[in-house]
Amino acid sequence: QVQLVESGGGLVQAGGSLRLSCATSGRSFSAYTMGWFRQAPGKEREFVAAISWSAGSTYYADSVKGRFTISRNKAKNTVYLQMNSLKPEDTAVYYCAAKVGTALSRTGYTYWGQGTQVTVSS
């Protein structure tokens, strides 16, 4: 009964910022890793960032290091992706994901949200 619901997507100009939210419910996520993925038109889904729910340790794809920040608010049961200095190549559907375990990685996620569209204009 795990549920992940993304929000916050939209249209922004290159160089702008956007914050995505992922509301979680159904389970305690204390032993989970949370992640953000994205899928652009004509491309496969790719890993963006991950965070351990308990400790808050983070891991980023090279393409977003220094621009994106993943975080979580335990009291609000919510994961965030703050996206700054956005580029047209960041345009994609962004998905929230979760997996059991605290080891940060790009694979093994078993729970997924419905996705939210992010479009960056040039």
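One hydrophobic cluster, built from ILVMFWY side chains closer than 4.5 Å, cannot hold both Val64 and Tyr80; they sit in different ones. Val100 and Leu104 fall into different hydrophobic clusters, where Ile, Leu, Val, Met, Phe, Trp and Tyr side chains are chained together by heavy-atom contacts under 4.5 Å. Criterion: ILVMFWY side-chain heavy atoms under 4.5 Å apart, direct or through other members. Under it, Leu20 and Tyr59 are not part of a common hydrophobic cluster. Under the 4.5 Å side-chain heavy-atom criterion for grouping Ile, Leu, Val, Met, Phe, Trp and Tyr, Tyr60 is not connected to Tyr95 through any hydrophobic cluster. In this structure, Val12 is a member of the same hydrophobic cluster as Met83, with clusters built from ILVMFWY side-chain heavy atoms closer than 4.5 Å.
Tyr32 places no side-chain N or O within donor-acceptor distance of the main-chain N or O of Ser28, the cut-off being under 3.5 Å. Ser63 places no side-chain N or O within 3.5 Å of a backbone atom of Ala61 that could act as its donor or acceptor partner. In this structure a side-chain-to-backbone donor-acceptor pair under 3.5 Å is missing from Lys74 to Phe29. In this structure, Thr116 contributes its side chain and Gly9 its backbone to a donor-acceptor pair below 3.5 Å.
The residues Lys65 and Asp62 are annotated as salt-bridged, a charged nitrogen and a carboxylate oxygen being separated by less than 4.0 angstrom.
Of all non-hydrogen atoms in Ala92 and Ala40, the two that sit nearest each other are CB-N, 3.7 Å.
Residues in residues 40-58 take part in these side chain to side chain donor-acceptor pair (under 3.5 Å) pairs, two or more places apart or across chains: Arg38-Glu46. Residue pairs satisfying the side chain to side chain donor-acceptor pair (under 3.5 Å) criterion with at least one member in residues 5-23, sequence neighbours excluded, are listed as follows: Glu6-Gln114, Ser17-Asn84. Pairs engaging residues 13-106 under the disulfide (SG to SG under 2.5 Å) rule: Cys22-Cys96 [sequence neighbours left out].
Residues Thr24 and Tyr111 fail the side-chain proximity criterion, which asks for heavy atoms closer than 4.5 Å. With contacts defined as side-chain heavy-atom distances shorter than 4.5 Å, the pair Val48/Leu81 qualifies. Residues Thr91 and Glu89 fail the side-chain proximity criterion, which asks for heavy atoms closer than 4.5 Å. Taking 4.5 Å as the limit, every side-chain heavy atom of Lys99 sits out of range of all side-chain heavy atoms of Met34. Counting heavy atoms from C-beta on, the side chains of Leu86 and Leu18 come closer than 4.5 Å.
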(message) Before you tell me yes or no, could you show the steps for Ile70 and Val79 under side-chain contact (heavy atoms from CB on, under 4.5 Å), namely the whole-Å CA-CA distance, both residues' side-chain angles and the distance that decides it to 0.1 Å?
(response) CA-CA 7 Å; Ile70 187 171; Val79 181; 4.1 Å; yes
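Considering OG of Ser25 and CD of Gln3, their distance stands at 4.0 Å, rounded to 0.5 Å.
Aromatic pair Trp36/Phe47: ring centres not closer than 6.0 Å.
Under the 30°/60° scheme for interplanar angles, the aromatic rings of Tyr109 and Phe37 are found to stand perpendicular.
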